[in-house]
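Bear in mind that the values here come from a model prediction, so they are computed numbers and not experimental data. Chain A is the first sequence line, chain B the second, and so forth, proteins listed ahead of strands; every chain is numbered from 1. Heavy atoms only: backbone and side chains are in, while hydrogens, waters and symmetry mates are out.
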Amino acid sequence: MKPQEPPKWMLHFFQWFCREDLYEAVCGDLLVQYNERAVSLSPFRNNVLFFLQVLTFFQPFAWRRLHNQSIPNLMFTNHLKVGFRLIRRNPVYATINILGLAVGLSAVMLIALFIHQEFSFDKFHSQGEDIVRFTYRLETPTASREGAKLPFPMKSVLEADYPEVRKVARFYYWGGDTPLLSHGDHKHTEEGLYFAENEVFQVFDFEFLAGNPNTALKDVRSIILTESLARKYFGTEDPMGKVMTYKNEDDLIVTGLIKDIPSNSHISFDALLPIELQRQRWMGWGQYTYDLEKDWNWAGAWVYALLNTNTDLASFEKKLQSVADEHLNTEEQGGFSIEVQSLFDIHLHSDKSAEPGANGNLTMVYAFAIIACLILLIACVNFINLTTAQASQRLKEIRMRKVMGADRMHLVGQFLIESLMLVCFSSVLAIVFSYLILPLFNEFMGSALTMGTQQIWIVVGVSIVMFSVAVLSGLRPSVAIARFQVTQQISSVRSSGIFNRLLIVGQFAICNVLIIGIFVIEGQLDFLRGKDLGFDQDQMMVLRHGRNLSKDQFEVFQNEISALPNVENLHRGYVAGTSAYTNTFKPVGEGQDTYSFGIKWIGEGFTDMFGLVMAEGRMINAESSADIRQSILINESAARSLGWTNSESIGKQLSFLPGGASNPEEVRIVGVMADANFESLYEPVLPSVFRMPQSAVGSEVSLKLSAQGDLLNTIRQVEAAWDLAIPEWPFEFSFLDQRIQEQYVKEENLAGAIRYFAMLAILIACAGLFGLSMFTIQQKTKEIGVRKVLGATVRSIFVLLSGRFMRLIVISLLFAIPMGKYLSSNWLDEFAYRIQLDVMVFVWSGLISTLMVLVAIGAQSIKAAIADPVHTLRYE
Amino acid sequence: MKGTYLGEFEELVLLTVGILYDDAHGISVQQELEKQSGRKPMISAVHKVLVRLEDKGFLTSELGGATTERGGRRKRLYEMTPAGKKALAGSRALRNKMWDAIPAVVWEGGSI
């Protein structure tokens, strides 16, 4: 049998560096061992071992010799030595180059981590390719709506009629709920209690630490905890089989323990309870007839399914139209369709109402990617310009090398090694920087990025990109220098070639666009922050468990509160500035058009509480039960979309179709409320209907506190009143203005991050210009001296020196302004309320960039201009 | 010429070459060293020392003995030079002298 051989390239590599007289013998020895191992090892492992053995010979004793010196030695030592000397001789240049590149690179690395995280959402589900979510779309001439939730009975229909569906899994969660979970002395209000069913574990991959995934949620009184929630209640104890109490009412047994949900999951929860539990609770364990599994009017569940592999989503979606027609569309309201969404599309592409969590924003991801590229570009331009400028100072050295017989390849090699050296330093620094900045970045972005062994490929990948970029940017100056002839004049190699000037123009065009961007983002966010929402939100306290107050308990609470001097008002009903529910309305006797309006169940004194103004008509009379039943208010936007003026609306009738029910209620408009933006400033005011419920039980409770008086004391008094009224629920609250502010936190942080990265880019560009101006001025020392001797003033020299750069900045502005204008108006168009682009924005950004350039090059220029010609013209 | 100092591992390799007599090459030296001392040096370390000993003039070498399992490549067979023999003898003599200089009481384990 022919003996097995290691790959040829390994042998060639060995032969390349190894001494000829040693190669044959050593290679033979290695092959003997190779053949011995071939019996027991796979060829791959054997080859790897062989290569490692070859590498152990990469030592000076085995290196091939050339003119008494081994080749690697000869090349590296000299170039490295010269490189180090250059850094020492020109520390400013080296610092700008290394630091600029390092800072840029670490910014790019952080952004790459972020982008990777955004694109990795839900990828950990092994069957993710075949998982879909069902959503609905409502499209009528007057309304358009998309929602992520569907009615619960979707599941039975999908399972029964569609063979392409293998498993259906539903989640349910309602954000307004504030469930209390307790075990012994541990009693907490939990945000992340989701309802689900056992199929969830056959569709998704949530990792079980204990319990059986096939049966864990089968029993109606079971609960599955995540690791961190279990720790909160049980510490180090084993939670399995323990009893927990839900909402002070139902005892549940812990039947499963799962790992915490990864941060890159679009759906995230702390514990799972069976949907059956919710169903039974609402049925009063058999007392009532309401069955959520039969309710087609309430879109309450996120419905996921595992499909057969290679199901065509488009044709599947078409088949589902019959479900929508049969169950969702009614005579009164049509236009519903059911859509199928791939699991991987949810995080970045889906922005429907009632998503399980805040999804990512593809525009922001792109913005970050673009900024990362720009930072990289600017750092590279610095690198190219500075290396070229610096190389033009080394003509003596280069000439000497040429005379001594160096050919072009040697010189190119030398420059490449030098720039690679700088890149190596930068890369190491960049990794250190990224590690240090990462916690800060996470806090700012609200993300949970890590740089561990799994992410090492990002570091490696970015380093490789950076490395090749550096080679390319090192190549340009080195080729230019190497081409130059020994006999040529020094002046013929200049740092200020047209290419380099173009680079500077490009760099500052980018910077100016970024400055304009910062101004626009800042202005818009300021505008949103200061925008009057149209209702009072200060000193407004919202009780977290207010919904649980029974009629009697609320009366007790109300009595106690009315005695407090520092509580101005108490309201039971819709809290302004919180989530919106919509419903379908039809004007009576005015054609067949239906309208989708927001519905807000308000309490007595709603307008006083939130400082709202009636534009027309009157408030609903809370004393009269007939008025409560029959009367509604609408807002001005609703009047407008109905095509009525405020006064026309009064007395008109609407029929109220709760979710398409067949027996509509007819209600009369008694008042029109002035528009106020209760939802998000990203959206225009939602046309809304205000109605009073027959019974206020189950509504939220809010209090308006007096701006005067001791706030802490007032809160304590309210707490005492609460404890008297309903001691079994904890006293927890939030302030409305904070709650509203939180809606904007994510956007603000993202915009803020973009702002900081933009500033970073500008800073790097300025540092580059600083370095470049230093070189040009050094080159012109003699020229300045001669000019001064001939009578030039300090001012004229300053103008001469900075003028060159200023011209470039002005040209860059010509490119930047239209570009910035286009991009900012694009961005602003996303908002319902936006600032207008002001000419001053462009003037200011132009001035700022000019100022920054003056600072960067000014000190150098002034120093050169006032220098005494006696020193500059001295002949050494 | 490099110094004639003989390091510990160099001495072992030199002794091994002597033991192997007419078949001292990289692998056989490595194997013999393992047999004698119980430690298995890396093949590159063995070659490194062989090259160094040759540079110092303690060894001489020639190529010979190609086999198929070596991929048709010849062995580099090492042989001790007179200088090598002298160095080994010198090293041994030094040791003996120093051994003899140790007072007998040290071996008997008596205390001062």
Side-chain angles (χ1 to χ4, degrees), chain A residues 1-41 43 45-66 68-73, chain B residues 1-3 5-7 9-10 13-14 16-17 20 22-35 39-81:
Chain A
M1 193 185 81
K2 185 178 174 290
Q4 195 190 339
E5 282 246 334
K8 281 270 179 294
W9 64 268
M10 289 186 189
L11 295 173
H12 286 308
F13 170 68
F14 195 16
Q15 199 167 14
W16 171 73
F17 74 78
C18 188
R19 278 160 61 170
E20 270 159 62
D21 57 331
L22 210 59
Y23 171 72
E24 186 171 348
V26 171
C27 194
D29 280 358
L30 291 186
L31 283 175
V32 170
Q33 294 188 330
Y34 181 87
N35 288 330
E36 276 169 18
R37 283 194 311 256
V39 188
S40 53
L41 286 182
R45 304 188 72 167
N46 202 0
N47 286 338
V48 170
L49 266 176
F50 179 80
F51 189 65
L52 289 178
Q53 275 190 324
V54 166
L55 280 185
T56 62
F57 279 91
F58 195 76
Q59 297 183 47
F61 84 90
W63 282 346
R64 183 189 286 270
R65 263 130 239 268
L66 189 85
N68 280 333
Q69 266 265 34
S70 55
I71 292 180
N73 256 336
Chain B
M1 185 172 163
K2 288 184 183 164
Y5 168 78
L6 208 53
F9 187 57
E10 286 176 345
V13 171
L14 200 54
T16 314
V17 171
L20 292 167
D22 64 348
D23 187 34
H25 63 277
I27 288 212
S28 64
V29 170
Q30 189 193 22
Q31 282 165 350
E32 185 65 24
L33 261 175
E34 191 185 2
K35 209 168 87 192
R39 65 185 203 200
K40 190 179 183 182
M42 288 212 298
I43 187 75
S44 59
V46 173
H47 276 284
K48 187 172 173 175
V49 169
L50 288 172
V51 167
R52 201 182 304 148
L53 289 173
E54 196 176 2
D55 282 349
K56 287 182 181 178
F58 296 153
L59 292 177
T60 166
S61 69
E62 57 181 13
L63 287 166
T67 59
T68 44
E69 72 167 346
R70 298 181 61 85
R73 291 174 179 84
R74 288 170 295 174
K75 298 173 187 168
R76 180 164 289 274
L77 292 167
Y78 288 88
E79 196 185 343
M80 249 199 279
T81 61

Tell me, out of B:Arg76, B:His25, B:Arg73, who's got the most heavy-atom pairs with chain A below 4.5 Å. B:Arg73

Take atom CZ of A:Arg45 as the centre, draw a 6.0 Å sphere, and report whether it contains more than 12 heavy atoms from other residues, nucleotides or ligands. no

Closest non-hydrogen atom pair, B:Gln30 against A:Gln33: OE1-NE2, 2.7 Å

Return the minimal non-hydrogen interatomic distance between A:Asp29 and B:Ile27, and the atom names on each side. O-CD1, 3.1 Å

Sorted by chain and number, sequence neighbours left out, side-chain contact (heavy atoms from CB on, under 4.5 Å) with B:Glu79 holds for B:Thr60

By ring-ring contact (aromatic ring centres under 6.0 Å, His included), which residues pair with A:Phe57, not counting sequence neighbours? A:Phe14, B:His47

Contact part of A:Leu11 toward chain B, heavy-atom cut-off under 4.5 Å: side chain, backbone, both or neither? side chain

Checking heavy atoms, do the side chain of A:Gln53, its backbone, both or neither come under 4.5 Å from chain B? side chain

Can you measure from CD (B:Glu54) to CG (A:Leu22) and round to the nearest 0.5 angstrom? 9.0 Å

Counting only heavy atoms closer than 4.5 Å, note whether B:Gln31 contacts chain A via side chain, backbone, both or neither. side chain

